[in-house]
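First the structure, in the form of structure tokens, and then the observations on it.
All of these numbers come straight from a predicted model, not from anything done at the bench.
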Amino acid sequence: VDGAPVTTRLTFDMPIKYGVSAGAEIYSDERSILRTNSVTFTVGYAVQFSPKSSLRFGLSGGVGFRNIDFDQIENPSDPAIQDAIDNNAYLDGNFGLSFQSGYFLFGVALPNFFEPNLNNTSSFENGNFKPLDEILFNASYRFYFALDDMFFEPSLIYRLNQVMPDQFEVAGIFYLKNLLWFGGSYRQDYGATAMLGLTLNKQFMIGYSYGIGSAKLPGIGASTHEIHLSIALGKRNQKSAAQSDIFISYVDTDRVYPDQRVKQQKETKAISKVTPVTPIIVEIEEPVEEEEEQVAQEDVRTSEHDDP
């Protein structure tokens, strides 16, 4: 749709050592005449309480820029527009933590941790948001069934906002044998969303979602389309995975405990270290019956010649 908002995210994360991870995100958003771009870097840390429970922290920080598309403005010399241009740089970041117990996850996030100055698209007036003005709560659980080849994961998100009305969102996704996943979600005052995706070789995941939209709120009544692509590079660190009895992944969804993975890896290495032995085959030839008869006849002839 011409003039529709377009949002793009590119994220990357990796483990540095056991318990510590790092990542980065490039964000771009186009809405009406405003263009927003930002780059943030993330550091995370995990505390293991037991083989089945852990607490993870994450902090992101970076810089963002907002620009105005002057081709869509009739009076670019407007003082309000000039003031918005002078205040187009801002600090961007967020903070979050999550608790895992078995296949249950609970998290809390602060999307605006550094109090960014946001421009109003209609009046170009600056509005200040404090870190605690918006808090996100989320919870989910993974139910395996059908000999662990499939699982269903329901989730709940609640947005507590001091500036806008609070909002909740519920979702549920079915995963089938590390190959196909599908589901849907419903967001308050927005509408329903359908989701479908594929996973390939436990390394690639591609998904598509279609939001029906709602006319209750201005500006978000139209439907939306979203494409999601995930790529897992390298091999899983078996030594780090062995520290936790349960490992949750959305690319490799097999319900195999890490200690079983390590055990299988050790058995494979042990088999590969065994020196192959070349078998020695000794063939023993047994006399054939015909040869035995010939020998017997020769003995008879010899005995006949010996008689007087």
Side-chain angles (χ1 to χ4, degrees), residues 7 9 11 13 19 21 23 25 27 29 38 40-50 52-62 64 91-116 118 127-144 151-175 181 183-195 197 207 209 211-214 216-217 219-220 224 226 228 230 244 246-250 253:
T7 302
R9 292 179 185 270
T11 61
D13 61 89
S21 60
E25 178 186 80
Y27 172 82
D29 182 77
S38 65
T40 56
F41 299 92
T42 304
V43 60
Y45 184 74
V47 179
Q48 198 76 32
F49 298 121
S50 70
K52 294 186 178 181
S53 62
S54 62
L55 183 64
R56 293 176 171 86
F57 304 86
L59 177 64
S60 299
L91 289 177
D92 190 15
N94 53 75
F95 171 80
L97 61 87
S98 65
F99 173 75
Q100 174 186 343
S101 178
Y103 288 101
F104 172 75
L105 290 176
F106 176 78
V108 181
L110 302 177
N112 301 312
F113 190 68
F114 291 116
E115 301 187 29
L118 304 179
N128 293 322
F129 287 82
K130 298 180 180 179
L132 296 180
D133 281 348
E134 184 178 7
I135 305 176
L136 270 63
F137 301 91
N138 70 281
S140 65
Y141 190 85
R142 183 173 291 189
F143 297 92
Y144 279 91
F151 70 86
F152 173 67
E153 184 169 333
S155 62
L156 171 65
I157 299 176
Y158 189 82
R159 294 176 173 86
L160 183 64
N161 202 310
Q162 301 296 329
V163 180
M164 300 180 64
D166 297 346
Q167 187 182 65
F168 73 88
E169 180 178 355
V170 293
I173 301 178
F174 285 95
Y175 291 80
W181 57 270
S185 66
Y186 174 80
R187 185 186 302 177
Q188 182 183 10
D189 297 327
Y190 175 82
T193 300
M195 295 171 280
S209 64
I212 299 175
S214 173
K216 293 182 179 181
L217 295 178
I220 60 172
T224 61
E226 181 177 346
H228 179 80
S230 297
S244 176
I246 293 180
F247 185 86
I248 293 181
S249 172
Y250 293 94
T253 60

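E169 places none of its side-chain heavy atoms less than 4.5 Å from the side chain of Q188. Counting heavy atoms from C-beta outward, T224 and Y190 have side chains that approach closer than 4.5 Å. A heavy-atom distance below 4.5 Å is found between the side chains of I173 and M195. Considering only heavy atoms from C-beta on, I135 comes within 4.5 Å of V108 through its side chain.
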Quick one, S60 with T42, criterion side-chain hydrogen bond (donor to acceptor under 3.5 Å, both in side chains). Give me CA distance, side-chain angles, the key distance, then yes/no. CA-CA 4 Å; S60 299; T42 304; 2.5 Å; yes
What verdict does the side chain to side chain contact (heavy atoms under 4.5 Å, CB included) test give for F168 and I157, after you've listed the backbone C-alpha separation in whole Å, the side-chain angles of each residue and the deciding distance to 0.1 Å? CA-CA 6 Å; F168 73 88; I157 299 176; over 6 Å; no
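Listed by chain and number, the residues in a ring-ring contact (aromatic ring centres under 6.0 Å, His included) with Y158 amount to none (sequence neighbours excluded). Qualifying side chain to side chain donor-acceptor pair (under 3.5 Å) partners for S53, counting only residues two or more places apart in sequence or in other chains: S50. When the side chain to side chain donor-acceptor pair (under 3.5 Å) test is applied to T40, no partner is found at least two apart in sequence or on another chain.
Geometrically, R9 does not engage Y27 in a cation-pi contact defined by less than 6.0 Å to the ring centre and at most 45° from the axis.
When every heavy atom of F104 is checked against every heavy atom of A139, the shortest pair comes out as CE1-CB, 4.3 Å. Looking at every heavy atom in both residues, F113 comes nearest to N94 through CB-CA, 3.7 Å. The shortest heavy-atom contact between N161 and D166 is N-OD1, 2.9 Å. When every heavy atom of S209 is checked against every heavy atom of T193, the shortest pair comes out as CB-CG2, 3.9 Å. Between S155 and S140, the shortest heavy-atom contact is CB-CB, 3.8 Å.
Of the inter-residue distances, the one linking R56 atom CZ with S98 atom OG reads 6.0 Å to the nearest 0.5 angstrom. Within the model, atoms CH2 of W181 and OH of Y175 stand 6.0 Å from one another, a figure rounded to the nearest 0.5 Å. Here the CG atom belonging to N138 is positioned 8.0 Å from the CG atom belonging to L105, to the nearest 0.5 angstrom. A distance of 9.0 Å separates CG in L160 from CG in L136, rounded to the nearest 0.5 Å.
A centroid separation of 6.0 Å or more is found between the aromatic rings of Y103 and Y141. Checked against a 6.0 Å centroid threshold, the rings of F106 and F99 do not count as neighbours.
At least one donor-acceptor pair closer than 3.5 Å links the side chain of Q100 to the backbone N or O of G102.
Side-chain atoms of S185 and R187 form no donor-acceptor pair, as typed in the model, at a separation below 3.5 Å.
A parallel orientation is assigned to the rings of F143 and F152, their planes being inclined by less than 30° (bins at 30° and 60°).
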